J.: 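Encoded as structure tokens, here's the structure I'll be asking about.
These numbers come from a predicted model, not from an experiment. Note on naming: letters A, B, ... go to the chains in the order of the sequence lines (proteins, then strands), and numbering restarts at 1 for each one.
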Amino acid sequence: MKKFITKRFLQMMLVWVLVSIISFSVIFFAPGDPLYMYMTPEATGRKLTEEELQAMRESLGLDGTAVEQYTSWATKMVQGNWGISLTTKEPVLNEILKKLPATIGLMGASLILSLIVAIPLGLIAGTHKNSWIDNIISAITYVGVSMPAFWLGIMLIIVFSMQLGWLPSSGMRTIGVVSNWDVIKHGILPAIVLSLNNMAVFVRYIRSNTITQMEEEYVQTALSKGIGKRGIMYGHVLKNCMLPVITTVGSRFGTLVTGSFIVESVFAWPGLGTLGMSSINNRDYPMVMGITMFSCTILLLGNFLADLLYGIADPRIKIGKE
Amino acid sequence: MAKLLTPLDKAAIRAEDFAKAVKDENKVEASFERTVFQQLVSSFRQNKLAILCLIVLLTIILSSIFAFLSPYDPDEMDVMNKMAGPSAEHWFGTDELGRDSFTRALYGGRVSLSVGFSAMVVSVIIGTLIGSVSGYVGGKVDAVLMRVVDIFQSVPSLLMIIVFFSFVPSNMVTLIIMLALFSWTGVARIVRAQTLTLKERDFVVAAKVLGVSHAKIIMRHIVPNMATQIIVAASLSVAGAILDESALSFLGYGVALPKSSWGSMLQNAQQYILYDPLLALIPGAFILLTVLCLNILGDVLQHALDPRLHK
């Protein structure tokens, strides 16, 4: 087990370093000088001289070769110094942490929502294989997988915000109102949109797991002992079904991250995605790097934790003894 | 998950497959004698849903190709008639500049579909190449290539593409390349797994003994034998590419104006949802229908071709 953890951890670090190099080089080799924001006459009042530009490059860590820039950036990154945002002039890490609760809240809510819906649907579909109810549920999952999230968002805004007027269409708070209920009301539509795709994937996993579990011998034993179907479902099948679901949750972190970019921009949710989109548009390049690396880290940690949990949850799996 | 299987488990699974295959011998034999095309036809014929999806998909594709038959020019403005509701002349109404929504959706389909299909072709080529080499050569090459696959799968792809396009202007070609660059890994995994089983088969061993070159074995003996699996992966890959393209265009990083895809039509329509919800409905419905049909077709095919799922 220890060996497996170290192996997976080293692997994760390797991937992390490679991802950071890729994202760094994309931004490094891309045309467009990030200093152009400072060079506009509106920002400075006059045209800057070449010496002043050079000094600014040095202070921002933008001088030197690609390798030098990367190593200095990576060392600072590990030390927690993620640079200064070019637009707000605040430390990047502070800005990210400021926006993080909104995104984590949205992602957490959508994950919980998708599991709450997916577990019963998956169990019902699995136990009623090929019946009409199974067909309806699988139709729902097909639609869930094929739905463009942003379009669903727009449609929900049209129906629930504009036609019915039940829920707000954008932002996280009504100006001047401080209450949790207000935040929840703003979050309902984005959380639904973000959860649909994951819900569909979870339903499929739980359904196919239920089908395999129902054929297992212990279910037959329990049945012959006279334990009711309901007892078997919740006592045995559900427990054994959750295992692959845990791994799936970990591997769905990527969709949550990119999904939140899209959903946040539809609903103007003030989280990491909105921050990311605006910093990309502004070529705020320390911020873009920071957010890219932050998202990748969340994703890699998610996968890593899923692998660990998988080993812990099922002692039969002797990982690392391949 | 696959990583956790011990060689013993794998052998057990293979033995199970073999036992099942022996059980319904006739069926299996029949399916071996059929060509890929015949297999496709017969699996579709048994499934009404698949036929329906195929018809819907072909209708969307053909009407996009023959969009020029529409009496309207997709770019011709008619300011007197802007944001009109559905009528006999304009089936789905007109947009904010008086352009016919339905005609524009058909032309948008040309962009979305061609980007989706081209990205699929590129990603299938890359995926097949890397997957087959990885599986066939094995050893260190396999380990390195599979790590590359891991890396590509653990990168938030849409985010990377957006970052890339914020510096490089996007056009059809760069868009297709970027979409393919982040979607070949699924194909590579499937092809590798297939190659691993195929390379042990007698006909491959025979070819090796006869002195056929490795490249030729891969091209002539291994890849053609998994055509069906590749077709399944391709159909799911088109669906994914169309979805990703629409999301990118919606965020403003897709096909540049004046060309518009379904996604960029939606981006435009979002500003007018207060006045004309219909404008947002149509392109999205086209995306949903196309992707839905592709996903269902891919799944139906997969179930029909996988003897383990025959029940």
Side-chain angles (χ1 to χ4, degrees), chain A residues 11-12 14-16 18-19 22-23 26-27 29-32 130 142-143 145-152 154-155 157-159 162-163 169 244 247 251 253-255 257-259 261-262 265-266 276-277 280-281 283 288-289 291-292 295-296 298-300 303 307 310-311 317-319 321-322, chain B residues 1 3-7 49 147-148 150-169 236 239-240 242-244 246-248 250-253 262-263 266-267 269-270 273-274 277-278 280-281 283-296 299 311:
Chain A
Q11 200 177 316
M12 183 179 81
L14 179 73
V15 173
W16 193 85
L18 285 170
V19 166
I22 293 173
S23 61
V26 163
I27 294 166
F29 292 113
N130 295 336
Y142 273 119
V143 173
V145 170
S146 313
M147 180 75 80
F150 55 92
W151 183 63
L152 177 67
I154 296 175
M155 290 296 119
I157 289 177
I158 289 175
V159 174
M162 295 183 165
Q163 305 291 338
S169 66
T247 26
S251 64
F253 262 69
T255 10
V257 171
T258 46
F261 262 68
I262 295 166
S265 80
V266 173
M277 288 310 293
I280 288 170
N281 288 333
R283 309 207 169 188
V288 173
M289 301 280 301
I291 290 175
T292 313
S295 318
C296 285
I298 293 183
L299 217 153
L300 288 173
N303 289 344
D307 272 3
Y310 197 68
I317 301 165
K318 292 267 190 287
I319 326 174
K321 276 197 177 174
E322 237 180 289
Chain B
M1 279 258 288
K3 270 181 246 156
L4 302 170
L5 286 177
T6 63
L49 184 65
R147 276 302 84 71
V148 174
D150 277 350
I151 291 168
F152 271 95
Q153 285 195 328
S154 53
V155 177
S157 54
L158 221 50
L159 181 59
M160 298 300 267
I161 298 177
I162 293 170
V163 170
F164 181 78
F165 280 140
S166 65
F167 295 108
V168 179
L236 300 177
I242 289 177
L243 265 189
D244 282 351
S246 70
L248 280 174
F250 177 72
L251 293 172
Y253 292 96
W262 289 328
L266 273 170
Q267 185 203 19
Q270 199 193 8
I273 43 176
L274 255 181
L278 197 65
L281 186 73
F286 270 105
I287 301 173
L288 178 62
L289 262 183
T290 312
V291 176
L292 191 63
C293 289
L294 283 165
N295 276 334
I296 292 176
D299 263 23
K311 268 174 193 170

J.: Using side-chain contact (heavy atoms from CB on, under 4.5 Å) as the criterion, list what pairs up with A:Ile262, not counting sequence neighbours.
T.: A:Phe150, B:Leu158, B:Ala247, B:Leu251
J.: Got a donor-acceptor contact below 3.5 angstrom from the A:Trp151 side chain to the B:Ala280 backbone?
T.: yes
J.: Can you tell which part of A:Met147 gets under 4.5 Å to a heavy atom of chain B, answering side chain, backbone, both or neither?
T.: both
J.: Out of B:Cys293, B:Gly263, B:Pro283, B:Ala285, which one racks up the most heavy-atom pairs below 4.5 Å with chain A?
T.: B:Ala285
J.: Is A:Leu300 close to chain B through its backbone or its side chain, or both, or neither, when contacts mean heavy atoms under 4.5 Å?
T.: side chain
J.: Is chain A contacted by the side chain of B:Tyr253, its backbone, both, or neither, given a heavy-atom distance below 4.5 Å?
T.: side chain
J.: Given side-chain contact (heavy atoms from CB on, under 4.5 Å), test B:Phe250 with A:Ile154 step by step and report yes or no.
T.: CA-CA 11 Å; B:Phe250 177 72; A:Ile154 296 175; 3.9 Å; yes
J.: Which atom names give the shortest non-hydrogen contact between B:Ser246 and A:Pro148, and what distance separates them?
T.: OG-CB, 4.5 Å
J.: Among B:Leu266, B:Leu289, B:Leu49, which residue has the highest count of heavy-atom pairs closer than 4.5 Å to chain A?
T.: B:Leu266
J.: Quick check on B:Ile242 against chain A: is it the side chain, the backbone, both or neither that has a heavy atom closer than 4.5 Å?
T.: neither
J.: Where do A:Ser146 and B:Asn295 come nearest, in terms of heavy atoms and distance?
T.: OG-ND2, 3.0 Å
J.: Pick one of side chain, backbone, both or neither for A:Ile157, based on which atoms fall under 4.5 Å of a heavy atom in chain B.
T.: side chain
J.: Quick check on the interface: out of A:Leu152, A:Leu14, A:Ile298, A:Val266, who has the most heavy-atom pairs with chain B under 4.5 Å?
T.: A:Val266
J.: Could you state the interatomic distance from CE (B:Met160) to OG (A:Ser295), rounded to the nearest 0.5 Å?
T.: 10.0 Å
